[in-house]
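These numbers were taken from a predicted model, which means no experiment stands behind them.
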Amino acid sequence: MTVFEQVHAMLRAIMLASAADQSVTRDEPGDLIVRTNAMDEKGQSGWFGTVTIRKSYVAYHLMPLYDAPDLAADLSPGLRKRRQGKTCFNFTRPDDALFAELAALTAGARGTLP
């Protein structure tokens, strides 16, 4: 197992732990997509998150941060350093402390869904 595959497996477990009642629309090696069960005004399900292996990192997108940016107000400097844009966190290696913080953030994000 490569380091990125290991990181993906760990981040996948975090995402799935907080998205148990959401819809997993893709779960393939290196690519996880989770959508909410809530429908928007167009009748489409929303995005909860993704975990994807990229060329030089593993991306963890947590989409509820768009609608509830205050969830990320107390991020540690370490997790802030991994943040790209509003909803994405990039990792190149496992980090138990940051992954625990990300798990708590993801659980909190789950609480913002209808």
Side-chain angles (χ1 to χ4, degrees):
M1 179 180 286
T2 69
V3 173
F4 283 4
E5 290 170 334
Q6 182 183 7
V7 170
H8 182 271
M10 295 170 81
L11 293 175
R12 176 185 174 276
I14 292 169
M15 179 70 68
L16 291 175
S18 289
D21 60 341
Q22 303 306 308
S23 298
V24 175
T25 59
R26 184 177 304 151
D27 191 2
E28 300 171 357
D31 194 16
L32 172 70
I33 297 175
V34 180
R35 297 190 67 120
T36 67
N37 291 323
M39 298 294 172
D40 64 15
E41 56 278 347
K42 295 179 183 177
Q44 297 176 337
S45 61
W47 291 91
F48 182 73
T50 66
V51 182
T52 309
I53 296 177
R54 300 290 187 199
K55 186 174 182 176
S56 58
Y57 58 89
V58 179
Y60 187 96
H61 285 86
L62 187 58
M63 305 313 279
L65 292 177
Y66 271 124
D67 296 324
D70 55 312
L71 287 172
D74 296 326
L75 292 180
S76 70
L79 194 54
R80 275 192 198 286
K81 186 176 176 181
R82 298 278 167 224
R83 192 172 184 189
Q84 301 294 314
K86 293 180 181 181
T87 67
C88 186
F89 299 88
N90 295 335
F91 297 91
T92 57
R93 58 186 160 75
D95 187 313
D96 292 336
L98 294 182
F99 287 4
E101 183 179 357
L102 191 59
L105 180 64
T106 306
R110 172 61 190 99
T112 67
L113 299 176

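- Within 6.0 Å of CG on Asp70 lie more than 12 heavy atoms contributed by other residues, nucleotides or ligands.
- Residues Tyr60 and Leu16 fall within the same hydrophobic cluster, defined by Ile, Leu, Val, Met, Phe, Trp and Tyr side chains chained together at heavy-atom separations under 4.5 Å.
- Arg83 places a side-chain heavy atom less than 4.5 Å from the side chain of Phe89.
- A 4.5 Å side-chain heavy-atom check between Met63 and Thr87 finds at least one atom pair inside the cut-off.
- A donor-acceptor pair under 3.5 Å is absent between the side-chain atoms of Glu101 and the main chain of Leu79, judged by distance alone.
- The CD atom of Gln84 lies 7.5 Å from the OH atom of Tyr57; values are rounded to the nearest 0.5 Å.
- Contact check for Gln6 versus Pro94: side-chain heavy atoms found under the 4.5 Å cut-off.
- Enclosure of atom CG in Asp21 by more than 12 non-hydrogen atoms of other residues, nucleotides or ligands within 6.0 angstrom is indicated.
- To the nearest 0.5 Å, atoms CZ (Phe48) and CZ (Arg110) are separated by 7.0 Å.
- Residue Leu105 is grouped with residue Met10 when hydrophobic side chains (ILVMFWY) are merged at heavy-atom distances under 4.5 angstrom, including chains of intermediate members.
- A chain of hydrophobic side-chain contacts below 4.5 Å, direct or via other Ile, Leu, Val, Met, Phe, Trp or Tyr residues, connects Val34 to Leu71.
- Taking CG of Leu32 as the start and CD1 of Ile53 as the end, the distance is 11.0 Å to the nearest 0.5 Å.
- A distance of 10.0 Å separates CG of Leu75 from CG of Leu98, quoted to the nearest 0.5 Å.
- Side-chain atoms of Arg12 never come within 3.5 Å of backbone atoms of Ile14 as a donor-acceptor pair (strictly under, hydrogens ignored).
- A 6.0 Å sphere centred on CZ of Arg80 holds more than 12 heavy atoms belonging to other residues, nucleotides or ligands.
- Under the 4.5 Å side-chain heavy-atom criterion for Ile, Leu, Val, Met, Phe, Trp and Tyr, Val24 and Val58 are members of the same hydrophobic cluster.
- Among Thr52, Thr2, Val51, the one residue that satisfies the side-chain contact (heavy atoms from CB on, under 4.5 Å) test with His8 is Val51.
- The minimum heavy-atom distance linking Ser18 with Ala103 is given by the pair OG-O, 4.2 Å.
- Contact check for Leu102 versus Phe91: side-chain heavy atoms found under the 4.5 Å cut-off.
- Side-chain atoms of Thr36 come within 3.5 Å of backbone N or O of Gly46 as a donor-acceptor pair.
- Between Ile33 and Trp47 there is a side-chain heavy-atom pair separated by less than 4.5 Å.
- One distance of note links CD of Gln22 with CG of Asn37; it measures 5.0 Å at 0.5 Å rounding.
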